[in-house]
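Counting from 1, the numbers follow the sequence of the chain as shown.
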Amino acid sequence: MIELDKISGNVIEKLQTAGADKAYCTVATSVTREFNVDGGAFSLMRTLFDNSLALTGIVGGKKGSVGINRFDDGAVEQAVADCMASASSSEPDPAWDLAPNGETRSFTQGVLEADTDRLFDRTAELMEQIGKKYPKIMVEQLIVSHVRSHSVYRNTNGAFYTKDAGYYNVELMFSAHEGETASSFFGTGAITDNLDRPFMELGSIEKDLADVEKQIHTELVDGKFTGVMLLPPGCLGSFLGDIADNFASDGPVLEGTSIWKDKLGEQVADPRITISFAPGDKEIVCGQSYTTEGFLAQDFDFIREGKLESFLIGLYVSNKTGVPRAKNDGGSMVMRPGDRSLEEIIASIEKGILVGRFSGGQPSTNGDFSGVAKNSFLIENGKITHAVSETMISGNLADMLQNVVAISRERVADGSSVLPYAAFDGITVSGK
């Protein structure tokens, strides 16, 4: 067993000896036991080992950071020297800092020991179920693994955190085929801390398989219209991530380009929207325990009942702008459910599109987006009519949040997020 606590203490001591006023480091090891399925057959079983050391030093307001994957004395000495050299060549900025008044804490999450026999059985079961229930699906790749990690965080303000975590991960990439015709490819997956349920029941795996099997034969959207975009949980998470990045993350807040820069505490969305970053939620598997700056991670509301409650910024940007820092580093997104079933939401849409996957470039500063709706269906007169060929859609991220049609009671928990379906009006769909 590698003594990570000794390594972390050695790194901090060397950084201070080299002149660092403040410093922190994370030392981690992980073991991944993995099954691969390619083209419907088991192709690989392997065990992967990984080491990582990330260290940061601050001297005279100058910050330097280095990451390596070795723990031997020579590698650590060189990493410390490189870290200090990086700091010396940077511009001084008094805003760089660490969490004050650190403490000693230990965390244990998930399932630490892999049941590889049961993992293999669940994997074989999934392949058998797909073959029987969705015979048109071709699984191009399936990766199932157990990941166990042990990490130690230490800083010069007294923080000393150790963490042991383990989880199972299921990732599928697949498409549907009928003769020479095929759907677009699609990816789905989930993480879990137990093997009590068949993998088919995790996250949205079964729903995604069923939808893709209906997307072999597609039709072009006729003309151009402005209507409703219905987003499943996976695609909703991508859009909400873009919203957070565009309007609330470090860069836009620091540079003043965020259209929400003066909106803290004000209404930025429909009152039905509450979005949290909640690593402590009971349906999140192995959520964050502490931040890179040494704060203990806490759940927080990003948007509560439509009001902007927090930006997603770290201590540095907080010190630069005077805006309160976020209580964790992001991830583990949880959105409050709505009061209507998915079936009721679809029935209420006169004309719109259910977008399974979106492919587009970076949204503009004001939130304008444009891209291709893939793995999608047309909705007309309250019914899903047919799968559509890749179709252009466009809109504005900020306007979306104000133009909520409905949010579903149903939510999907995939271990890393807990999200409903959500429908937004005012989206332009451009067909032939």
* Asked: With a 4.0 Å cut-off, would you call Lys62 and Glu91 a salt bridge?
  ->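 No, this pair does not count.
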* Asked: Any chance CG of Asp38 has more than 12 other-residue heavy atoms, nucleotides or ligands included, within less than 6.0 Å?
  ->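 Yes, CG of Asp38 has more than 12 neighbouring heavy atoms, counting only those of other groups under 6.0 Å.
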* Are the side chain of Asn328 and the backbone of Gln298 linked by a donor-acceptor contact shorter than 3.5 Å? ->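 Yes: the side chain of Asn328 pairs with the backbone of Gln298.
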* When you check the side-chain N and O atoms of Asn36 and Gln141, is any donor under 3.5 Å from an acceptor? ->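 No pair is found: no donor N or O on one side chain lies under 3.5 Å from an acceptor on the other.
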* Asked: Which pair of heavy atoms, one from Ser106 and one from Thr162, lies closest together, and at what distance?
  ->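 The pair with the smallest heavy-atom distance is OG-OG1, 2.9 Å.
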* Asked: Leu315 and Glu293: which non-hydrogen atoms are nearest, and at how many Å?
  ->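 Distance-wise, the nearest heavy atoms are N-OE2, 2.8 Å.
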* Asked: Regarding Lys351 and the six-membered ring of Phe225, is the cationic atom NZ or CZ under 6.0 Å from the ring centre and inside 45° of its axis?
  ->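 Yes, a cation-pi geometry holds between Lys351 and Phe225.
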* Taking NZ, NE, NH1 and NH2 as the nitrogens, is one of them in Arg304 or Asp301 under 4.0 Å from a carboxylate oxygen of the other? ->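 Between Asp301 and Arg304 there is a salt bridge, with a charged N closer than 4.0 Å to a carboxylate O.
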* Assign the ring pair Tyr161 / Phe107 to parallel, tilted or perpendicular, where the plane angle (0 to 90°) is split at 30° and 60°. =>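 Ring orientation, 0 to 90° scale: perpendicular.
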* **Pair Arg154-Ser8, side-chain donor/acceptor within less than 3.5 Å** =>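 A pair is found: one side chain offers a donor N or O, the other an acceptor, under 3.5 Å apart.
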* **Residues Asn157 and Asn155: side-chain donor-acceptor under 3.5 angstrom** =>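 No pair is found: no donor N or O on one side chain lies under 3.5 Å from an acceptor on the other.
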* To do: Run the salt-bridge test on Arg148 and Glu113 with the 4.0 Å N-O cut-off and return the result as yes or no.
  =>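 Glu113 and Arg148: salt-bridged.
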* To do: Please say whether the positively charged group of Arg357, taken as NZ for Lys or CZ for Arg, lies over the ring of Phe186, i.e. under 6.0 angstrom from the six-membered ring centre and within 45 degrees of the axis.
  =>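 Not flagged: Arg357 not positioned over aromatic ring of Phe186.
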* Give a yes or no on whether a salt bridge exists between Asp339 and Arg272, defined as a side-chain N under 4.0 angstrom from a carboxylate O. =>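 No salt bridge links Asp339 with Arg272.
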* For the side chain of Glu309 and the backbone of Ser276, is there at least one donor-acceptor N/O pair under 3.5 Å apart? ->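 No, because the side chain of Glu309 does not come within donor-acceptor range (under 3.5 Å) of the backbone of Ser276.
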* Asked: Between Phe369 and Phe239, does the ring centroid distance fall short of 6.0 Å?
  ->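 Centroid distance Phe369-Phe239: below 6.0 Å, so yes.
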* Asked: Taking atom types as modelled and ignoring hydrogens, do the side chains of Thr32 and Arg46 form a donor-acceptor contact shorter than 3.5 angstrom?
  ->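 No, Arg46 and Thr32 have no side-chain donor paired with an acceptor closer than 3.5 Å.
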* Asked: Where is the tightest heavy-atom contact between Ala23 and Leu15, given as atom of each residue plus distance?
  ->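 Closest approach of Ala23 to Leu15, heavy atoms only: CB-CD1, 3.7 Å.
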* **Asn101 atom CG, neighbour heavy-atom count above 12 within 6.0 Å** =>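 Open: at most 12 neighbouring heavy atoms sit under 6.0 Å from CG of Asn101.
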* Looking only at heavy atoms, which two atoms of Ser332 and Gly287 are closest? And how far apart? ->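 Shortest heavy-atom contact: OG-CA, 4.3 Å.
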* Asked: Hey, are Lys22 and Asp97 close enough for a salt bridge, meaning a charged N less than 4.0 Å from a carboxylate O?
  ->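 The answer is yes: the pair qualifies as a salt bridge.
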* **Ring-ring centroid check Phe174 Phe185, cutoff 6.0 Å** =>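 Judged by ring-centre distance (under 6.0 Å), Phe174 and Phe185 do not meet the cut-off.
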* With side chain to side chain contact (heavy atoms under 4.5 Å, CB included) as the test, would you mind laying out the steps for Phe302 and Leu240 before giving the verdict? => CA-CA 11 Å; Phe302 169 38; Leu240 294 180; over 6 Å; no
* **Check against side chain to side chain contact (heavy atoms under 4.5 Å, CB included), Arg33 and Met45** => CA-CA 8 Å; Arg33 292 179 170 84; Met45 176 182 177; over 6 Å; no
* To do: Might you point out which heavy atoms bring Asn246 and Pro363 nearest each other, and give the distance in Å?
  =>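 Here Asn246 and Pro363 meet closest at OD1-O, 3.8 Å.
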* **More than 12 heavy atoms of other groups within 6.0 Å of Glu343 CD** =>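 Counting neighbours around CD of Glu343, 12 or fewer heavy atoms of other residues, nucleotides or ligands fall under 6.0 Å, so no.
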* **Any donor-acceptor N or O pair under 3.5 Å, side chains Asp82, Gln78** =>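 A pair is found: one side chain offers a donor N or O, the other an acceptor, under 3.5 Å apart.
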* Should we say atom NZ of Lys263 is surrounded by more than 12 heavy atoms from elsewhere, each under 6.0 Å from it? ->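 At most 12 heavy atoms, drawn from other residues, nucleotides or ligands, come within 6.0 Å of this atom.
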* Distance flag, aromatic centroids of Phe300 and Phe277, threshold under 6.0 Å ->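 Yes.
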* Give a yes or no on whether Glu350 atom CD has more than 12 heavy-atom contacts from other residues, nucleotides or ligands under 6.0 Å away. =>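 It does not: Glu350 CD has 12 such atoms or fewer within range.
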* To do: To the nearest 0.5 Å, tell me how far Leu98 CG sits from Tyr316 OH.
  =>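 Between Leu98 CG and Tyr316 OH, I get 14.5 Å after rounding to 0.5 Å.
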* **Nearest atoms (heavy-atom pairs only) where Lys133 meets Glu213** =>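 Lys133 and Glu213 have their closest heavy atoms at O-OE1, 4.2 Å.
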* Is it true that Tyr153 and Phe160 have ring centroids separated by less than 6.0 Å? ->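 No; Phe160 has its ring centre 6.0 Å or more from that of Tyr153.
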* Asked: Which is it for Val11 and Val76 under the side chain to side chain contact (heavy atoms under 4.5 Å, CB included) test, yes or no, and what are the steps along the way?
  -> CA-CA 7 Å; Val11 169; Val76 170; 3.9 Å; yes
* Any chance you could measure Thr257, atom OG1, to Glu255, atom CD, to the nearest 0.5 Å? =>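 Interatomic distance, Thr257 OG1 to Glu255 CD, rounded to 0.5 Å: 5.0 Å.
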